[in-house]
Each structure stands twice: as C-alpha cells, then as structure tokens.
**Student:** 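Here's a structure for you.
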Amino acid sequence: MKVFKYIFWFLYRIWFYILMAIPILVMLPLLLISILKESWYPFFFKMARLWSKFILIGMGFAYSIKREQTPEAKKSYMFIANHTSMADIMLMLVSVKNPFVFVGKAELAKIPLFGFFYKRTCILVDRSSPKSRQAVFLRAQKRLKTGVSICIFPEGGVPEEHIDLDGFKDGAFRLAINHQISIVPLTFADNKKRFSYTFFSGSPGKMRVKIHKFISTEGLATNDTRMLNEKSRAVILNQLQTFQK
C-alpha cells in the first residue's frame, strides 16, 4: 500500500510540472509580446491568473477565498502571506485581481519555461547578498510608480515542516511605509498539506484563503517597521490557529 502512495506522489509531482508548462506553451506568443514593455504588464498578469487557475484546477485543488476587505482597482498595495508551498504563487495570483509583482527567490528562475518569464517579470532576490537585497528596494520603488502592487512572502523562505509560521523579515513593511501603501495580509490554510516542498507528499483537496482587513501605513515612519511587522504576523498566525481548530 505504501508503494502505491509513493508512486502516486511521484506522478503527482510530475503532473504539476506538466500543468505548469501546458498553458505557457499555448499562450507563448502572447506572453512573449506582453513582456516587451513594462506598461503591458497588466496584460501579462491576466494571463498569469489564467495559468494559475489551470494549474490549481488540474491538480484537483478546490480553492475558496473569503474577503474581509477587497482591494480597490488601480491602487497599489503590499500583499503578504505565509509561505509553505510552490502552489502559493498560483493561489496568490487567483486570490488577487490587482496587478502585482512578486519579489521572490532567484533560484526559481532556473525552472524551465516558468523561469524564463519569472526572471523577466518578477523582482528577484538573492537573500545571501546584501547588494541584491538593496537592489530589491530600488526595483520595487520603480514598479510601484507604474501603479502596480508588490507581493512578498515575508518569512524569507519556506519554514521547516513543524513550523506553522516563521518570523517575518522587515523588507516588505519598510517598503510599504516608505510608499505609504496598505499591507494586505492573506492566510493560506491548507497549502502545506496539499502540496508542500516535501517531494513525497500532497493530495487533491481544499485550499482555503482568508484576505484580512488592510493594515494602514498612513503616518508611520521607518522606526515603526518592527511594530508593523509584528502586527501583520499576528493577524496571519491567529488565522492559522483558527483554521486548525
């Protein structure tokens, strides 16, 4: 019986990468055109949302989204969420309609096909390099000025399996304060169970998302970064604990 589980998990992982590739190949001409100019990014973002829905549905993930507040159109925000799965990227894209740019790990650019577009549309960071982390601020500032939002998983990586929520890095909150944009916390309840980074694991099933009330940065200064960090983390941690009951 255990052998069949491992066979299923192996095939399930392969299927995930096949699903990632199919819509990219189908939409390839439009995707290539959409990355030619930065001002065309909203069009690319719409296709990225279709790509995400295709993958989540194809994997058998039944996602549901509850909103305490809805982002306004043509307004910039800082979207943050807990990070436990490669599917977090797709779930974030289907949960939010406002065009946003991911700040993410440079290593993901090595994934065939996906990596080609990832490194041309996202803000890549090498967390081991102070110079790279500083460059993120400059690139994020530039993108915010074009009217898009930013999305960061503030744990700075995927925590170990036994950790529900790791500590948050300050970068997302400092950037939000500098640009006086609201923090939008999202809690992903089931992604670790559905599709964690452990290779032999995962299954179809529900994926619950909670979009929380926005946290304003109006009037805050840089020395309020830690307070904003802890307040945002508490919102997500409390919701995770509620989901587990």
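Below, all heavy atoms of this structure are taken into account, side chains as well, without hydrogens, waters or symmetry copies.
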**Student:** Which heavy atom of Ser232 sits nearest to which heavy atom of Ile183, and what is that distance?
**Tutor:** OG-CG2, 3.8 Å
**Student:** Same cluster for Met27 and Ile57 if Ile/Leu/Val/Met/Phe/Trp/Tyr side chains link at under 4.5 Å?
**Tutor:** no
**Student:** Using every non-hydrogen atom in the two residues, find where Ser216 and Leu228 come nearest and quote the distance to one decimal.
**Tutor:** O-CD1, 4.4 Å
**Student:** Picking from His212, Lys66, Gln239, Arg208, what satisfies side chain to side chain donor-acceptor pair (under 3.5 Å) with Thr187?
**Tutor:** His212
**Student:** CD1 of Ile163 to CD of Glu155: how many Å apart, nearest 0.5 Å?
**Tutor:** 9.0 Å
**Student:** Should Phe8 and Leu19 be regarded as members of a common hydrophobic cluster, given that ILVMFWY residues are connected when their side-chain heavy atoms come within less than 4.5 Å of each other, either directly or indirectly?
**Tutor:** yes
**Student:** Just do the side-chain contact (heavy atoms from CB on, under 4.5 Å) check on Glu161 and Ser196 with the steps written out, would you?
**Tutor:** CA-CA 8 Å; Glu161 288 286 323; Ser196 78; 3.4 Å; yes
**Student:** Report the distance from atom OH of Tyr12 to atom CE of Met59, rounding to the nearest 0.5 Å.
**Tutor:** 4.0 Å
**Student:** If hydrophobic clusters are built by linking Ile, Leu, Val, Met, Phe, Trp and Tyr wherever their side-chain heavy atoms come under 4.5 Å apart, do Ile18 and Phe61 end up in the same one?
**Tutor:** yes
**Student:** Can you confirm whether more than 12 heavy atoms, excluding those of Tyr17, are under 6.0 Å from its OH atom?
**Tutor:** no
**Student:** Indicate if Ile65 and Phe243 have the same hydrophobic cluster label, given that clusters are the connected sets of ILVMFWY residues with side-chain heavy-atom separations under 4.5 angstrom.
**Tutor:** no
**Student:** Enumerate donor-acceptor pairs with a distance under 3.5 Å from any side-chain N or O in residues 28-44 to protein atoms, sequence neighbours excluded.
**Tutor:**
from: Ser34; atom 1: OG; to: Leu30; atom 2: O; distance (Å): 3.4
from: Ser34; atom 1: OG; to: Leu31; atom 2: O; distance (Å): 2.8
from: Tyr41; atom 1: OH; to: Phe100; atom 2: O; distance (Å): 2.5

**Student:** How about Gln244: does its CD atom have over 12 heavy atoms from other parts shown lying under 6.0 Å from it?
**Tutor:** yes
**Student:** Quick check with a 6.0 Å cut-off and a 45 degree axis cone: is Arg13 positioned over the face of Phe10's six-membered ring?
**Tutor:** no
**Student:** Tell me the closest heavy-atom pair linking Lys119 and Ala109, and the distance in Å.
**Tutor:** CB-CB, 3.9 Å
**Student:** Report the distance from atom CE of Met47 to atom OG of Ser52, rounding to the nearest 0.5 Å.
**Tutor:** 12.5 Å
**Student:** Show your working on side-chain contact (heavy atoms from CB on, under 4.5 Å) between Ile236 and Phe188 and close with a plain yes or no.
**Tutor:** CA-CA 9 Å; Ile236 294 175; Phe188 297 156; over 6 Å; no
**Student:** Would the distance check show the side chain of Arg233 and the main-chain N or O of Leu165 forming a donor-acceptor pair, the cut-off being under 3.5 Å?
**Tutor:** yes
**Student:** Give me the one residue out of Ser95, Pro71, Pro185 that meets side-chain contact (heavy atoms from CB on, under 4.5 Å) with Phe79.
**Tutor:** Pro71
**Student:** Using 0.5 Å steps for rounding, measure from the OG1 atom of Thr70 to the CD1 atom of Ile211.
**Tutor:** 7.0 Å
**Student:** For residues 137-153, dump all side-chain donor-acceptor pairs below 3.5 Å to protein atoms at least two apart in sequence or in another chain.
**Tutor:**
from: Arg139; atom 1: NH2; to: Cys122; atom 2: O; distance (Å): 3.4
from: Thr146; atom 1: OG1; to: Arg143; atom 2: O; distance (Å): 2.5
from: Ser149; atom 1: OG; to: Tyr77; atom 2: N; distance (Å): 2.8

**Student:** Kindly say whether the aromatic ring centers of Trp9 and Tyr6 come within a distance under 6.0 Å.
**Tutor:** yes
**Student:** Can you find a heavy atom in the side chain of Thr121 that is under 4.5 Å from one in the side chain of Val101?
**Tutor:** no
**Student:** Where the side chain of Gln180 meets the backbone of Gly219, is there a donor-acceptor pair that is under 3.5 Å apart?
**Tutor:** yes
**Student:** Testing the basics here: between Val94 and Leu56, what is the closest heavy-atom pair and its distance to 0.1 Å?
**Tutor:** CG2-CD1, 3.8 Å
**Student:** Tabulate below the donor-acceptor pairs under 3.5 Å that side-chain atoms of residues 83-91 make, not counting sequence neighbours, or state none.
**Tutor:**
from: His83; atom 1: ND1; to: Asp88; atom 2: OD2; distance (Å): 2.6
from: Thr84; atom 1: OG1; to: Lys192; atom 2: N; distance (Å): 3.3
from: Ser85; atom 1: OG; to: Ala87; atom 2: N; distance (Å): 2.9
from: Ser85; atom 1: OG; to: Phe195; atom 2: O; distance (Å): 2.5
from: Asp88; atom 1: OD1; to: Asn191; atom 2: ND2; distance (Å): 2.6
from: Asp88; atom 1: OD2; to: Thr84; atom 2: N; distance (Å): 2.7
from: Asp88; atom 1: OD2; to: Ser85; atom 2: N; distance (Å): 3.0

**Student:** Taking Val96's backbone N and O only, do any of them form a donor-acceptor pair with Arg49's side chain (distance below 3.5 Å, no angle check)?
**Tutor:** yes
**Student:** Around atom CD of Glu68, are there more than 12 heavy atoms from other residues, nucleotides or ligands closer than 6.0 Å?
**Tutor:** yes
**Student:** Stepwise, does the side-chain contact (heavy atoms from CB on, under 4.5 Å) test hold for Ile215 with Thr217?
**Tutor:** CA-CA 7 Å; Ile215 301 174; Thr217 60; over 6 Å; no
**Student:** Are the side chain of Asn229 and the backbone N or O of Phe168 linked by a donor-acceptor pair below 3.5 Å?
**Tutor:** yes
**Student:** Do Phe4 and Phe200 belong to the same hydrophobic cluster, where Ile, Leu, Val, Met, Phe, Trp and Tyr are linked whenever their side-chain heavy atoms lie under 4.5 Å apart, directly or via other members?
**Tutor:** no
**Student:** Within this structure, what is the CZ-CG distance for the pair Arg174 and Leu220, rounded to the nearest 0.5 Å?
**Tutor:** 14.0 Å
**Student:** Please lay out, stage by stage, how Phe54 and Ile22 fare under the test side-chain contact (heavy atoms from CB on, under 4.5 Å).
**Tutor:** CA-CA 9 Å; Phe54 180 85; Ile22 291 172; 4.0 Å; yes
**Student:** For Leu175 and Met78, which heavy atoms make the closest approach, and how far apart are they?
**Tutor:** CD2-CE, 3.7 Å
**Student:** Taking atom NZ of Lys105 as the centre, does the number of heavy atoms from other residues, nucleotides or ligands within less than 6.0 Å exceed 12?
**Tutor:** yes
